[in-house]
Amino acid sequence: MNDICKIYKTLYKIYGPQGWWPFLNYDSKNNLNSKNIYNYHINDYTFPKSSNQIFEVCLGSILTQNTTFSSVVKALKNLYVIDCLTPEKIQATNIEKFKKAIKVSGYYNQKSNYIMAFIKFYNSLDSKIPTRKELLNIKGIGEETADSILLYGYNQTEFKVDAYTKRIFLELNLINKKAKYKDIKKLAEDSLQEITKDKEELRIIYQEFHALIVKHAKQFYSKKPYGVGCILKKINLNYIFIQ
DNA sequence: TTCCAGGCAATAC
DNA sequence: GTATTGCATGGA
């Protein structure tokens, strides 16, 4: 088995399915559940279940750029309070009011512009699935955010690479320091084909793998020196370098 | 106080 | 095309 698959299987064995993407949690009266504002959906891969949830992933993917998801949830809660969680309502809302709501997630001036630009595009989609190229053409949507939207919002088989992914692969000598986003994405996607070539099965693996990486990295790869106590360092890897 | 968080665009070479 | 810098809040 190749190294990437070994890592995936090891993490899955330790942590189990993660149920990403987490969604806002509403009660039967359609109010935000104040005790559990959001929740994960372990072993249910039929999400998102509505266009509202698709849009929620898009919004969250932009808001979570370089910040913690807990801050994003606070921003989403603020948006819920001012009834501003759909494209139409956001566009109809005073921009300063919108900025104030998302302020807690940081970079709020930029992110509000990014979200407005995204909504303009989103409205033009007419419920179609966006292409990666289209997403990358929007100001504020880079490779990771595009893959996040496609993988978790539209269930497309696109591997999402983040800073943790690169950090772990680098620490395990699976890539070199200069590896680009697309290099790491290709390594992961090519490697995981060893498990299955079925697109739908791979999509689920991509969704879980990214979530597992974040879960594991928060514990072992947030503080320097990275990887202290990391079990991945103890499994036998083949060390396939990429150029 | 310092460091980091589920990045991106603009700018300078 | 590669490296650097500004963007910003909140928690550990």
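Order of the sequence lines sets the chain letters (A, B, ...), proteins ahead of strands, with each chain counted from 1. Note that these values count all heavy atoms, side chains included, but never hydrogens, waters or copies made by symmetry.
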Can you find a side chain N or O atom of A/S70 that sits less than 4.0 Å from OP1 or OP2 on C/dG11?
no

N or O in side chain of A/R167 less than 4.0 angstrom from B/dG6 OP1/OP2:
no

Give a yes or no on whether a salt bridge exists between A/E189 and A/K186, defined as a side-chain N under 4.0 angstrom from a carboxylate O.
no

With stacking defined as ring centroids separated by under 5.5 Å and planes differing by under 30°, is A/Y164 stacked against B/dA5?
no

Could you tell me whether A/K182 and A/E143 make a salt bridge, using a distance below 4.0 angstrom between a side-chain N and a carboxylate O?
no

Looking at A/Y108, does any N or O in its side chain come under 4.0 Å of the phosphate oxygens OP1/OP2 on C/dT9?
yes

Under 4.0 Å, heavy atoms only, any strand: does A/I141 hit a base, just the sugar-phosphate, or nothing?
sugar-phosphate

5'-most by nearest nucleotide on DNA chain C - A/K223 or A/G106
A/G106

Cut-off 3.5 Å, side chains only: do A/N33 and A/Y26 have a donor facing an acceptor?
no

Checking contacts here: which listed nucleotide (C/dT9, B/dG6, C/dA8) is nearest the side-chain heavy atoms of A/K103?
C/dT9

By nearest atom, which of the nucleotides B/dG6, C/dG10, C/dA8 is closest to the A/N66 side chain?
C/dA8

What's A/L212 touching, base or sugar-phosphate or nothing? Going by heavy atoms closer than 4.0 Å.
nothing

By nearest atom, which of the nucleotides C/dA8, C/dG10, B/dA9 is closest to the A/K74 side chain?
C/dG10

Is A/Q110 side chain donor-acceptor paired with the C/dC7 base, going by distance under 3.5 Å alone?
yes

Looking at B/dG7 and A/Y114: do their rings stack (centroid distance under 5.5 Å, interplanar angle under 30°)?
no

Establish, yes or no, whether the cationic atom of A/K111 lies under 6.0 Å from the six-membered ring centre of A/Y107 and within 45° of the ring axis.
no

Listed nucleotide nearest any side-chain atom of A/K178, set C/dA3, C/dT9, C/dC7
C/dA3

For A/W21, the option from A/Y38, A/Y45, A/F69 that meets ring-ring contact (aromatic ring centres under 6.0 Å, His included)
A/F69

Against the side chain of A/K139, the closest entry in B/dC8, B/dA10, C/dG10 is B/dA10

Taking atom P in both B/dT11 and C/dA8, compute the distance separating them and give it to the nearest angstrom.
15 Å

Over all strands shown, is A/K180 touching base, sugar-phosphate only, or nothing at heavy-atom distances under 4.0 angstrom?
sugar-phosphate

Work out how far the P atom of C/dT5 is from that of B/dG6, and round it to whole angstrom.
24 Å

